[in-house]
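In what follows, a structure is listed as structure tokens, so that the remarks can point back to it.
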Amino acid sequence: MERVGFVGLGTMGAAMAANLVRAGYPLHVWNRTQGKAGPLVDMGAIEAGSPREVAAAADIVVVCVSDTPDVEAVLFGTDGISAGAAPGTLIVDCSTISPSATRSFAARLGDRSIAMVDAPVSGGSEGALHATLTIMVGGERADVERAHAVLAAMGRTITHMGPIGAGQATKAVNQVIICGSYLGVAEGIVLAMKAGLDPDTVVSALSGGAAQSWVLANRSGRMVEDRYPLGFKVTLHRKDLAIALDLAREAGVSLPVAGMAAQLENGLIAGGHGDEDMSALARSIRDLSGM
Ligand code: NAP
């Protein structure tokens with residue numbers, strides 16, 4: 001069994017690392033802010049003093065931090081993973097970051113004979129807890145096959161999308177599609193309420209038809225109540241839309257709905273709602289409609 005390391009024990013990373021311990025992997029872990037490794041150490045993981053120490057003790061290093069500069073910091077910063085990893089080490093980046101930066105990180109690691117796959121996840125904190133994440137993987141086939149057992153301990157649906165960066169590009173597509181769903185449901189719910197319809201009856205009436213969606217089934221209730229507990233933070237989705245809009249510019253694609261969602265999310269963040277669930281897009285539509 002390969003020795004595994006884990007860098008970044010946030011909401012997602014801590015739960016994913018716990019599933020690796022449960023699967024029997026010898027696991028070295030590190031988090032920037034101290035104190036987050038405690039529950040994992042109680043389960044049998046070993047806390048390291050830096051990403052470099054994690055890499056020195058592992059054959060495969062999983063990374064799950066916030067954004068592109070954060071992945072760069074843990075890979076190449078002082079006491080970073082690349083300083084401790086032996087040639088032949090495999091990095092599995094489960095953060096959601098830029099596809100083009102991912103390709104550049106992989107090339108820099110490749111110069112040191114360190115391999116990398118991008119493996120962003122979808123399925124939220126519940127998926128991380130229950131090891132049911134959907135994982136979209138980019139990289140060389142042999143590296144993806146090598147990462148598979150580790151990914152299978154953390155997720156249920158694992159798809160090799162293509163070369164390095166293809167997992168991140170797929171995650172960007174996911175985030176573009178969901179913002180259209182949220183905005184469409186928000187507009188429909190606000191229209192229903194202002195048109196004098198009972199919104200719950202509208203949701204149940206439409207649930208078997210073409211307007212049916214996960215967002216309509218699971219998030220319309222919050223939009224009716226105008227309460228937006230987490231879920232998935234507006235700030236995180238806004239970060240992901242920035243990645244998607246950059247990718248669209250690089251690919252020569254126009255994304256009017258994603259661009260509008262990004263502007264509405266800017267407004268939510270400026271208004272102090274960045275930590276709400278992204279169904280708070282309905283807050284913006286309500287405001288525009290004088291509700
Ligand atoms: P989180 O709870 O905010 O945790 C972020 C983690 O990254 C923390 O461990 C944080 O360390 C670490 N970190 C951030 N910047 C760092 C830096 N410069 N150097 C070292 N460590 C750094 O976020 P999360 O929800 O776990 O999300 C992690 C990734 O998964 C993100 O890319 C996110 O988009 C993606 N994701 C999240 C969800 C979700 O539902 N939450 C779903 C799918 C994908 P500290 O403890 O020191 O702050």
Side-chain angles (χ1 to χ4, degrees), residues 5-19 29-40 45 47-55 61-84 91-99 101-102 105 118-137 151 154-158 167-179 182 214 218-219 228-244 265 274-279:
F6 208 108
V7 169
L9 308 173
T11 308
M12 300 296 285
M16 292 158 70
N19 285 326
V29 299
W30 177 83
N31 192 69
R32 177 180 60 181
T33 303
Q34 293 202 334
K36 293 203 184 168
L40 285 161
E47 185 171 12
S50 65
R52 175 191 184 137
E53 280 182 23
V54 169
V61 182
V62 184
V63 175
C64 191
V65 296
S66 305
D67 202 351
T68 306
D70 309 312
V71 173
E72 184 165 28
V74 299
L75 288 177
F76 303 108
T78 313
D79 281 335
I81 290 167
S82 64
I91 313 293
V92 177
D93 181 23
C94 290
S95 325
T96 298
I97 67 163
S98 151
T102 294
F105 296 160
D118 51 310
V121 304
S122 167
S125 50
E126 284 191 2
L129 276 174
H130 299 125
T132 55
L133 292 167
T134 292
I135 311 183
M136 299 141 270
V137 194
L151 294 174
M154 305 187 292
R156 183 183 285 160
T157 309
I158 299 153
Q168 297 293 356
T170 307
K171 174 79 193 237
V173 171
N174 184 72
Q175 302 306 68
V176 165
I177 291 173
I178 65 168
C179 75
Y182 277 84
W214 185 90
N218 295 288
R219 293 294 184 259
Y228 309 101
L230 290 176
F232 186 61
K233 274 185 201 169
V234 170
T235 47
L236 275 184
H237 187 259
R238 180 65 186 87
K239 172 201 63 124
D240 294 353
L241 275 185
I243 293 167
E265 290 181 353
D275 286 341
E276 290 181 344
D277 183 70
M278 69 170 286
S279 51

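In listed order, ligands and their atoms are each counted from 1. Given the structure is predicted, the values throughout are model-derived calculations rather than measurements.
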Distance-minimising heavy-atom pair for Val121 and Lys171: O-NZ, 2.8 Å
Carboxylate-amine/guanidinium proximity below 4.0 Å for Arg32 and Asp70: no
Could you check ligand 1 for N or O atoms lying under 3.5 Å from protein N or O atoms and list the pairs with distances?
from, atom 1, to, atom 2, distance (Å)
ligand 1, 2 (O), Thr11, N, 2.9
ligand 1, 2 (O), Thr11, OG1, 2.8
ligand 1, 9 (O), Leu9, N, 3.3
ligand 1, 9 (O), Gly10, N, 3.2
ligand 1, 9 (O), Asn31, OD1, 2.6
ligand 1, 15 (N), Asp70, OD1, 3.2
ligand 1, 18 (N), Arg32, NH1, 3.4
ligand 1, 18 (N), Asp70, OD1, 3.0
ligand 1, 26 (O), Thr11, N, 3.2
ligand 1, 26 (O), Met12, N, 2.8
ligand 1, 32 (O), Val65, O, 3.1
ligand 1, 32 (O), Ser66, O, 2.8
ligand 1, 32 (O), Thr96, N, 2.9
ligand 1, 32 (O), Lys239, NZ, 3.2
ligand 1, 34 (O), Lys239, NZ, 2.8
ligand 1, 46 (O), Asn31, ND2, 2.9
ligand 1, 46 (O), Lys36, NZ, 2.7
ligand 1, 47 (O), Arg32, NE, 3.0
ligand 1, 47 (O), Thr33, N, 2.9
ligand 1, 47 (O), Thr33, OG1, 2.5
ligand 1, 48 (O), Arg32, NH2, 3.0

His237/Glu265 under side chain to side chain donor-acceptor pair (under 3.5 Å): CA gap, chis, key distance, verdict: CA-CA 9 Å; His237 187 259; Glu265 290 181 353; 2.8 Å; yes
Taking every non-hydrogen atom, the tightest pair across Glu126 and Thr132: O-OG1, 4.3 Å
Val71 to Ser95 - nearest heavy-atom pair and separation: CG2-OG, 3.5 Å
Pro51 versus Asp79, closest heavy-atom pair with distance: CD-O, 3.3 Å
